[in-house]
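This report concerns only the one structure given below.
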Amino acid sequence: MGFFPVGEEKIPEKVKLWSEFRQGFCVDSVQSLVLRKREPGDRFLLNKQLRKKVSRYFIDQKTPLEERDKAWLVVDPENKVIGILPYTLSYLSIMEETDKIHYVLLFKYKK
C-alpha cells in the first residue's frame with residue numbers, strides 16, 4: 001500500500017501482477033493516516049449528511065465474512081474512516097469535494 005503524489009506511483013516488481021485498488025485521494029498529510037483493521041462502531045461518510053457503519057456497508061454489499069476480515073481501514077488522527085480497502089473511500093477523500101493535497105492511493109493485494 002502506498003500514497004503517492006499524482007503521477008509518481010512506484011510499484012515494486014514483485015507485486016506488479018497482484019490485484020490492485022487505485023484511487024485518487026485527498027488529505028492534508030499522508031503522514032497522519034493510520035492503517036488498521038475494522039472495529040465495532042466504525043463509520044464513514046457516504047456524502048455530506050449520510051454516515052454508514054462499516055459493518056452495514058459489508059452487509060449491504062453482501063461481502064463474505066472472510067473477505068471482511070481481510071479488509072483494511074484508512075483512518076485519520078481523529079479516527080475518522082477515510083477508506084475501506086480494497087472496497088471504497090469516504091466522501092472526505094473525494095477529489096472534487098476537497099481543496100486538500102491530491103495523492104494516489106495504491107493498494108496491491110493477493111486474492
Side-chain angles (χ1 to χ4, degrees):
M1 179 187 157
F3 297 98
F4 304 96
V6 175
E8 297 180 25
E9 301 87 350
K10 296 176 184 89
I11 303 170
E13 202 59 44
K14 65 182 180 181
V15 300
K16 282 199 186 253
L17 299 178
W18 290 12
S19 298
E20 178 177 295
F21 176 84
R22 178 187 294 256
Q23 180 71 44
F25 196 80
C26 298
V27 291
D28 291 325
S29 169
V30 292
Q31 286 92 6
S32 62
L33 298 177
V34 174
L35 189 65
R36 68 168 171 80
K37 293 294 187 174
R38 61 192 172 101
E39 296 173 356
D42 280 334
R43 295 176 179 270
F44 71 105
L45 282 176
L46 292 174
N47 59 39
K48 286 183 183 181
Q49 293 88 18
L50 186 59
R51 299 178 72 87
K52 183 177 253 190
K53 280 188 165 185
V54 171
S55 60
R56 187 80 241 169
Y57 171 82
F58 284 130
I59 291 167
D60 292 349
Q61 296 297 313
K62 296 179 176 40
T63 307
L65 185 58
E66 57 274 2
E67 294 299 316
R68 297 176 198 187
D69 292 339
K70 292 179 186 177
W72 289 93
L73 300 185
V74 178
V75 297
D76 69 7
E78 298 165 356
N79 219 23
K80 291 180 186 168
V81 176
I82 303 296
I84 306 169
L85 305 179
Y87 298 99
T88 189
L89 293 177
S90 163
Y91 174 79
L92 294 173
S93 64
I94 297 172
M95 295 181 106
E96 296 81 27
E97 301 294 335
T98 62
D99 293 328
K100 299 177 181 179
I101 301 169
H102 293 210
Y103 292 93
V104 171
L105 165 66
L106 182 60
F107 182 70
K108 300 288 270 184
Y109 60 100
K110 277 188 175 180
K111 285 191 173 188

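Every heavy atom of this structure was used, including side-chain atoms; hydrogens, water molecules and symmetry mates were not.
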Quick check for you: to the nearest 0.5 Å, what is the distance between [X] atom [atom1] and [Y] atom [atom2]?
X     : Y     : atom1 : atom2 : result
Asp42 : Ile84 : CG    : CD1   : 8.5 Å
Gln61 : Ile59 : CD    : CD1   : 11.5 Å
Ser55 : Glu39 : OG    : CD    : 12.5 Å
Arg38 : Phe58 : CZ    : CZ    : 6.0 Å

Hydrophobic clustering (ILVMFWY, side-chain heavy atoms < 4.5 Å, transitive) - are Val54 and Val34 grouped together? yes
Should [X] and [Y] count as side-chain neighbours, where that means a heavy-atom distance under 4.5 Å?
X     : Y     : answer
Trp72 : Lys37 : yes
Val75 : Ile82 : no
Leu35 : Leu85 : yes
Leu45 : Leu50 : no

Main-chain N/O of Val74 paired with Arg36 side-chain donor or acceptor, under 3.5 Å: no
When you measure from the side chain of Lys53 to the backbone N and O of Pro40, does any donor-acceptor pair fall under 3.5 Å?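 No: the side chain of Lys53 does not pair with the backbone of Pro40.
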For Asp76 versus Leu33, what's the shortest heavy-atom pair and its separation?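 For Asp76 and Leu33, the tightest heavy-atom pair comes out as CA-CD2, 3.9 Å.
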For a side-chain contact (heavy atoms from CB on, under 4.5 Å) check, start with the C-alpha distance between Leu73 and Phe44, then their side-chain angles and the critical distance, and finish with the verdict. CA-CA 10 Å; Leu73 300 185; Phe44 71 105; over 6 Å; no
Got a sec, which residues hit salt bridge (Lys or Arg N to Asp or Glu O under 4.0 Å) with Glu66, two or more places apart in sequence or on another chain?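 Checked Glu66 against salt bridge (Lys or Arg N to Asp or Glu O under 4.0 Å); zero matches.
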Do the side chains of Lys52 and Asp60 get close enough for a salt bridge, i.e. N-O under 4.0 angstrom?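 Answer for the salt bridge query: yes.
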Could you check Tyr57 against Arg68 for side-chain contact (heavy atoms from CB on, under 4.5 Å), going step by step and ending with a plain yes or no? CA-CA 10 Å; Tyr57 171 82; Arg68 297 176 198 187; over 6 Å; no
